[in-house]
Asker: 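Dumping the structure here so I can ask a few things about it.
Hydrogens, waters and symmetry mates are skipped; everything else that's a heavy atom, side chains included, is used.
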Amino acid sequence: MNSDLAQTIGHQRQDQSDPFGSFRHECETALKAGYSALKKTWEHRLPDLDVALTLEDPPNPTFGQLASSLSFELAKTQKKKPIEVARTLANTTRQLAKLDLIESIEATEPGYINFRANLARLTELTLKSVQRDGSEYGLIKTHAPERTVVEHTSANPARPIHIGTAKGAIFGDALARLLAARGHNVRTHFYIDDAGRQVAIMAYGYKLLGEPTPEGKPDHFVGKIYSVTATLVEIEELKKRLVLLRKTNASDTDLVATTKSLDEWVGIAADLQSKYPQEFDRLNKLISKDPDPEKSISELIRKYEKKDLDTTALMRRVTQIILTGFEETLRRARIRFDQWDWETDLLWTGRVAELVGQLKESGFTFDQGGALELDVAKAVEKFGLRETLGVSPTFEFPPLTLLRSDGTSLYATRDIAYTLYKFENAERVINVIGSEQSLAQFQVKVAFWITGHRKEAEKFIYFPIGHMLLEGQGMSARRGRYVTFDQVLDETLTRARIEVDRRSPSIPEELRQRTAERIAISAVRYAILSVEAIKSTNFVWGKVLNFETNSAAFINYAYTRSSGILRKLGKIAEPKAFNLLTDPVEQELALELSKLPETFAEAADDLNPTLLCLYANLLAQRFHEFYEKSDISHVSNDELKWQRVALVLAVRTVLKTLAGLLGLELAERM
RNA sequence: GGGCCCGUAGUCGAGCCAGGACCAAGACGUGGGCCUUCGGAGCCCAAAAUCGUGGGUUCGAAUCCCACCGGGCCCGCCA
């Protein structure tokens, strides 16, 4: 454990229970006392060590629940064998320790000091804590709450959300949930990139068609128009360029490349035509009437930036249609946003211009053919940022174009202004964005340094999302080789429904559907969250749709089984104590429950929801083991029965907490 | 050419930041068991790993450092 985390745990509020943390604290105190005592008696000087850092999880329960490797460290200076040091240290520590949660302290080969927990006491403490704190159990609050903005998803508003973007949405949403539960003031933002070319193309096509009322899901409807329009316009442009190239006797390589690109687009057009024949033919006719589609589109962009009334109305209208569809999809996935930020608002409010002005004054810009460039490399050297940014001494920072020669801004420029904007009401900003943006995110940081926003530069966190492969291949939006988030949710739901129908035919129809919905959304979210965000994920239908092997179903099943127990019992009573839970499966289960606070704090502070997926899986596993071995409804000893019921209730409480953090939905029956 | 990320059983994937009992968690798949007990979407057992390769640091390396190899991505007056 690092010192930050140790400190975090050490500074926990008194009123928040952390059973395993209390055990850890006892071990630390004992070890510190033992070590100080030893320092006074030994001839060789002992170093000042943070003994808390030497405590670790032993590989298996026979070595206790915590172990210290301190003796290995000391053996060096003492010129003794680690095991000898360990024996002496263990003896001293044992004498000075208050043995409450600690059962025993022993030295073992080759030199560890093992701390065995008093599992009876720990079980009791844990169950009391869960009973007392209820749904707040485990959600220990940070001692340094921060106003935090989490920007995520920010899908291009020109086509439906695909599964790659969905990964960012799910991680971003889980991060926001974790941080909020940790006590931070969290706001989620969606960045609407409406100033770019794609929205203009979409609006262009939409207007040509006479602004039809969407049929079916709005984002799919307008997205279709975008794809067709973009393809047709691109083909027009390539044809024009080819004519020009021939006229000017251009090089063969240029001709070949352009021809090849044209062929590719014609292929894509053929696909689109067969998929959407009506829209394709109509748009094809309409666009061919326009002498210069490219010019029409550029004009839309220019007018929109200037907030021309008619253009603005059109652009906002069509973007809003897409966003309505986005919201519908995101709502299905239990993802919500506090704020939707329009990129064009940054332009209209003058924030982008202001930023460019500041950068110009800094002296780190230069002119290149009328365009304004930011000398990123120079700034990196001037401020000595290589180490701060964690890049090697030979990293070449290319300059960043801030303004085109016609004076209009670029996406990167607006993104810097946007991130600064997010800091206006936050101390920390987390950008959940695809890993391909890493250079761009570096540039944002450098721009912060240049404009004197050093505090912001430190508190600006780039959370990269690794690529999503589709059945082993890269996805391609333009080739139509991608899966939409809606498709994934639909397919998973269909499959979940079949499973529920098969396994629980007695449940009423309406409830079966609701159950299937819960299982489906949980399956998708868990499948994404259980693999670290940075890793590229291979999306395989068979895997997401397989509930028999899916961990979300496994976790839910633990919950369902607990429901079954309670249902069978009918009514329950409070136990007098927790002293009869002595079976290893019971104590292992309680031990797992005792670790929620530490696991949660680490997951939230390290921005690592995957950690909680693993924890949830482990807890479910412990519960299933308990379920197999430990009977409840048939035991004749009532006190034992109610004690076991209390354990079951605690598991249910923690499973619900975990579900809330990860955005899973638990079904009572499945 | 420069850089960033990833590389752990047939497959997927924890552990790496904060080195320690690692003959490496868990899962899928494979082989074998368990339904007169609260729901078998489960439990138990078994086989399966040169931790990409080679050096180095260390009492100790999957973990830190260096080099190399493989895969992905970025280096636009695109977004």
Asker: Is there a donor N/O on one and an acceptor N/O on the other, under 3.5 Å, for the side chain of Ser536(A) and the base of C6(B)?
Answerer: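 Answer no: no donor N or O sits under 3.5 Å from an acceptor.
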Asker: Could Lys595(A) and Glu592(A) be called an ion pair, given the rule that one side-chain N must be under 4.0 Å from one carboxylate O?
Answerer: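 Glu592(A) and Lys595(A): not salt-bridged.
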Asker: Between C34(B) and G40(B), how far apart are the P atoms? Round to whole Å, please.
Answerer: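 16 Å, rounded to whole Å.
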Asker: For Leu618(A) and for Asn114(A), locate the closest nucleotide of RNA chain B by heavy-atom distance; then report the residue assigned to the nucleotide nearer the 5' terminus.
Answerer: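 Of the two residues, Asn114(A) wins.
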Asker: Please check: side-chain N/O of Ser405(A) versus main-chain N/O of Gly370(A), any donor-acceptor pairing under 3.5 Å?
Answerer: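 No.
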Asker: With a 3.5 Å limit on both atom pairs, tell me what C51(B) is paired to, counting Watson-Crick and G-U wobble, or say none.
Answerer: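 Here C51(B) is not engaged in any pair, so there is no nucleotide opposite it.
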Asker: How far does the P atom of U8(B) sit from the matching atom of A14(B), given to the nearest Å?
Answerer: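 About 10 Å, rounded to a whole number of Å.
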Asker: Distance check, P atoms only: G3(B) and U30(B), in whole angstrom units.
Answerer: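 That atom pair is separated by 46 Å.
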Asker: Is the charged tip of Arg561(A) near the ring of Phe623(A): under 6.0 Å from the six-membered ring centre and within 45° of its axis?
Answerer: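 Judged by the rule, Arg561(A) and Phe623(A) form no cation-pi pair.
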Asker: Taking the side chain of Asn617(A) as heavy atoms from C-beta outward, which of G13(B), C43(B), G26(B) is closest to it?
Answerer: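 The listed nucleotide nearest to Asn617(A)'s side chain is G26(B).
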Asker: Can you find a side chain N or O atom of Thr401(A) that sits less than 4.0 Å from OP1 or OP2 on C77(B)?
Answerer: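 Answer is yes, contact under 4.0 Å.
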Asker: OP1 or OP2 of A41(B) sitting under 4.0 Å from any side-chain N/O of Arg669(A)?
Answerer: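 So the side-chain polar atoms of Arg669(A) never come under 4.0 Å of the phosphate oxygens OP1 or OP2 of A41(B).
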Asker: Under 4.0 Å: is that the gap between some side-chain N or O of Lys535(A) and OP1 or OP2 of G7(B)?
Answerer: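 Result: yes.
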Asker: Check whether any side-chain N or O of Arg561(A) sits under 4.0 Å from OP1 or OP2 of A41(B), and answer yes or no.
Answerer: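 No, outside the criterion.
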Asker: According to the Watson-Crick and G-U wobble definitions, with both distances under 3.5 Å, which nucleotide is paired to A18(B)?
Answerer: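 Across all strands, not a single nucleotide pairs with A18(B).
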Asker: Do NZ/NE/NH1/NH2 and the carboxylate oxygens of Arg197(A) and Glu294(A) come within less than 4.0 Å?
Answerer: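 Looking at Arg197(A) and Glu294(A), the cut-off is met.
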Asker: Of the candidate nucleotides C59(B), A21(B), G7(B), which contains the atom at the shortest distance from the side chain of Phe72(A)?
Answerer: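 Given the options C59(B), A21(B), G7(B), the side chain of Phe72(A) is closest to C59(B).
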Asker: Please check: side-chain N/O of Thr408(A) versus main-chain N/O of Arg404(A), any donor-acceptor pairing under 3.5 Å?
Answerer: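 The answer is no, because no donor-acceptor pair under 3.5 Å joins these two groups.
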Asker: Pick the P atom in A48(B) and in C23(B), then give their distance to the nearest Å.
Answerer: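 That atom pair is separated by 16 Å.
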Asker: Identify, between Ser504(A) and Ala620(A), the residue whose nearest nucleotide on RNA chain B lies closer to the 5' end.
Answerer: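 The answer here is Ser504(A).
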